[in-house]
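A quick write-up on the structure given underneath.
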There are 2 protein chains.
Amino acid sequence: MTMDERKQKILESIVLDYVETAEPVGSRAMVKKHGLKISAATVRNEMADLEDMGYLEQPHTSAGRIPSQKGFRYFVDCMMESQELSEQEIDLLYQMAKNNVKDWDEVISGIAQFLSQITHYTSFIIMPAVHTSQFRFLQLVPLEKGRAVILLVTDTGLIMHRKIEIPESITPEELATIAEVLNRTFSAKKMGEITRSDLQTIRNDLNKRKKVMEVTLEAIDSLLESSSGERVVVSGLINLLKEPEFRDLDKLKRIIALLEEDVVLRSIVPNEVSDQVDILIGNENPLQDMKDLSMVFTGYKSFGELGKIGLIGPVRMEYWKATGTIEAVRSIVQEIIQKYY
Amino acid sequence: MTMDERKQKILESIVLDYVETAEPVGSRAMVKKHGLKISAATVRNEMADLEDMGYLEQPHTSAGRIPSQKGFRYFVDCMMESQELSEQEIDLLYQMAKNNVKDWDEVISGIAQFLSQITHYTSFIIMPAVHTSQFRFLQLVPLEKGRAVILLVTDTGLIMHRKIEIPESITPEELATIAEVLNRTFSAKKMGEITRSDLQTIRNDLNKRKKVMEVTLEAIDSLLESSSGERVVVSGLINLLKEPEFRDLDKLKRIIALLEEDVVLRSIVPNEVSDQVDILIGNENPLQDMKDLSMVFTGYKSFGELGKIGLIGPVRMEYWKATGTIEAVRSIVQEIIQKYY
DNA sequence: GTTAGCACTCTCTTCTGTTGAGTGCTAACT
DNA sequence: AGTTAGCACTCAACAGAAGAGAGTGCTAAC
């Protein structure tokens, strides 16, 4: 049995119908709706073939057919064309993204919201950790007496700051000296390689300006630690509730629990992501609880690290819309990073 | 008809039972469970009285009684004692909060998670905007050629930074001069009062170092703008799904839509919040869609502004636990702000 | 290879009867 | 006068039965 053009056409019609209605598609209704030139009986025969081949399945004997996950996979791989965003949507995205360039966190959550609003699916963005970037530069800026700010810059351009307390007697010049000593010591070390034992060594070596050193090292320590955290943003959970496949409260509960846990979401998305848009359908997901969900996602580069942007929806998903949207968002995110960070 | 001690005791028993089971409480079952010294018939009479007084209601004629919202209000006001966190819980909170002092955003989301995990309700934290704090200090730190960081400090101690591009020919000394000029100009102005027209004026006045000025003012402009945004964090939405009163998907959808929209949540919580723990029960909420929800919340001071921390759950809520937890969290948040920011 | 006809299957909805928890009322009791 | 036992009544929830409707698979004709 082979996949000829007519079978393809029928499979496509079923996928489109099912994505739209979430109901099994019957032969009769389908012929009518798509104005096919063949009779319902013929369609029934072809459907039986497609079922044998594994592309369709029947919820029960007397129902219509629905695409199997294999059927969706075939559709996605061989027949689907990614649908680009409309100009209006792109305009909206641009406007929104560039109006908020201020705070990276807000850009990201804005984009996540945009994604879920446009597609009506749940969106997620995983912002990468930065622990493998290289230390480049450190500056100590005096504030009022007894206070200073430590400013830490990595070679990927990430800037962090933190307030510290210092003895009141320290002069700005002394601060500068300390900063210089630290800069020479750390210079060109991988952030990830600056361990606490390094910090300990340095603590012991330098007795002069012990207090400032102490506080500064403490701050660096904590900044390094903090930089190792990935951030996860999820938006549009509500869209899941709308899908009829998640009427079952238990199923829904498990899924929302999954998506509320940053850790879980991080582990679900494959570590190696290209800048292609990838699709995971149902069971292709690593987690059993996600067998009714599909993911459409891609990677982006940020401060030399890999971030991930994606959509989560039912298997019965408008993949063509999802891939198009993700693609557009990826390139805009990339552009903003390039330009502003 | 007056509220005597026996009626109180009965009301209390009903509230406790109902909070636990979510089922209407019958006279017979109640007498048995609480080992009351009176008969079911007597309890029935008292219940009828309490219903007349508005503290109880009956879902239908042949069901038990449930506390009305007025009943809950009476319970909360007159009979309830706030239940303090256990030592373990406080330890956990301390440990968690202080391990993450690095990034304020992460502290906050950690605390939100703690809140929802401990109480099994949905928690929210509204971080205040900072646009009315006073400008105190500005510093320009040179990075590599052609780049600098602008460091902005407000008198409430808020520190912000931002990378800018500058002409390569600018020396560190010139940068310092520019910073000084700007510091003198802005000194002691309310951040909120530094309007764009101010910025425009200054732009025109100073022609020297036009380019740096330009870029710096741009950065300040954008930092000021960015500082006006409240941030909202919601955690533990999943806990809502667990409550039997939200089995109804439509109701649930509306509620989750509410809580996913930052704007809505911001508008729900009263603007004037004391450092007392406040409780809004069901209809006392401003929004119709929240008539089945209660909120327990309090305010905290951050950089001179008012933030809000709260819990959202069903009307049938363990208010005693909620108030205790919120109170504990409030004081820890306050402490961390005092100490580290 | 395609189509019409028809018996058959299975879910979904509606209806009906039954069960059981709980009430309100009355009359007796302390 | 307040408290209690007894009893008829109410109403939601559950289970089973019947009917409707959509869809299939198969057979025979085109």
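Everything quoted here is computed from the prediction, not taken from an experiment. The sequence lines fix the lettering, A, B, ..., with proteins before strands; numbering per chain opens at 1. Worth knowing before you read on, the calculation uses all heavy atoms, side chains too, and leaves out hydrogens, waters and symmetry mates.
- For B/S62 against D/dT10, a side-chain N or O and a base N or O form a donor-acceptor pair under 3.5 Å.
- One atom, CG of A/L50, and another, C1' of D/dT24, lie 15 Å apart when rounded to the nearest Å.
- Of the two residues near DNA chain D, B/A41 and B/P59, the one whose nearest nucleotide lies more 5' is B/A41.
- If A/A48 and B/T42 are placed on DNA chain D by their nearest nucleotide, the residue sitting closer to the 5' end is B/T42.
- Applying the 3.5 Å distance criterion, the base of C/dG22 shares no donor-acceptor pair with the side chain of B/R28.
- Distance, A/M47 CE to D/dC26 C1': 17 Å, rounded to whole Å.
- The aromatic rings of B/W320 and B/F75 sit perpendicular to each other, their planes meeting at more than 60°, with 30° as the lower class boundary.
- In this structure, the CD atom of B/E23 is 15 Å from the C1' atom of D/dC11, given to the nearest Å.
- Rounded to an integer number of Å, the gap from B/R44 CZ to C/dA21 P is 14 Å.
- At a cut-off of 3.5 Å, with distance as the only test, no side-chain donor of B/Y121 or B/E243 sits close to an acceptor on the other residue.
- Between C/dT23, D/dT24, D/dT3, one nucleotide has an atom nearer to the side chain of B/R6 than all others, and that is D/dT3.
- Put simply, CG on B/N45 is 15 Å from P on D/dA1, counting in whole angstrom units.
- Among the heavy atoms of the strands lying under 4.0 Å from A/A63 are primed sugar atoms or P, OP1, OP2 only; no base atom is included.
- Separating the CG atom of A/D49 from the P atom of C/dT2 is a distance of 11 Å, rounded to the nearest angstrom.
- Between A/L56 atom CG and D/dT24 atom P there is a gap of 11 Å when expressed in whole angstrom units.
- Atom C1' of nucleotide C/dT23 and atom CD1 of B/I66 are separated by 16 Å, given to the nearest angstrom.
- Here the nucleotide nearest the side chain of B/R65, chosen from D/dG25, D/dT24, C/dG24, is C/dG24.
- Under a 3.5 Å cut-off, the side chain of A/T323 and the backbone N or O of A/S82 do not form any donor-acceptor pair.
- Annotation: side chain of A/S27 is not in contact with side chain of A/M30 (no heavy-atom distance under 4.5 Å).
- Candidate nucleotides C/dT3, C/dC10, D/dT24 were compared by shortest atom distance to the side chain of A/H60, and C/dC10 ranks first.
- Taking every side-chain heavy atom of B/S39 into account, D/dT4 is the closest of C/dT23, D/dT4, C/dT3.
- Distances from the side chain of B/T61 to the nucleotides D/dC26, D/dC11, C/dG24 place D/dC11 closest.
- Although no hydrogens or angles enter the test, the distance criterion places no donor-acceptor pair under 3.5 Å between the side chain of B/D289 and the main chain of B/L258.
- Base pairing annotation: D/dG6 forms a Watson-Crick or G-U wobble pair with C/dC25, both donor-acceptor distances under 3.5 Å.
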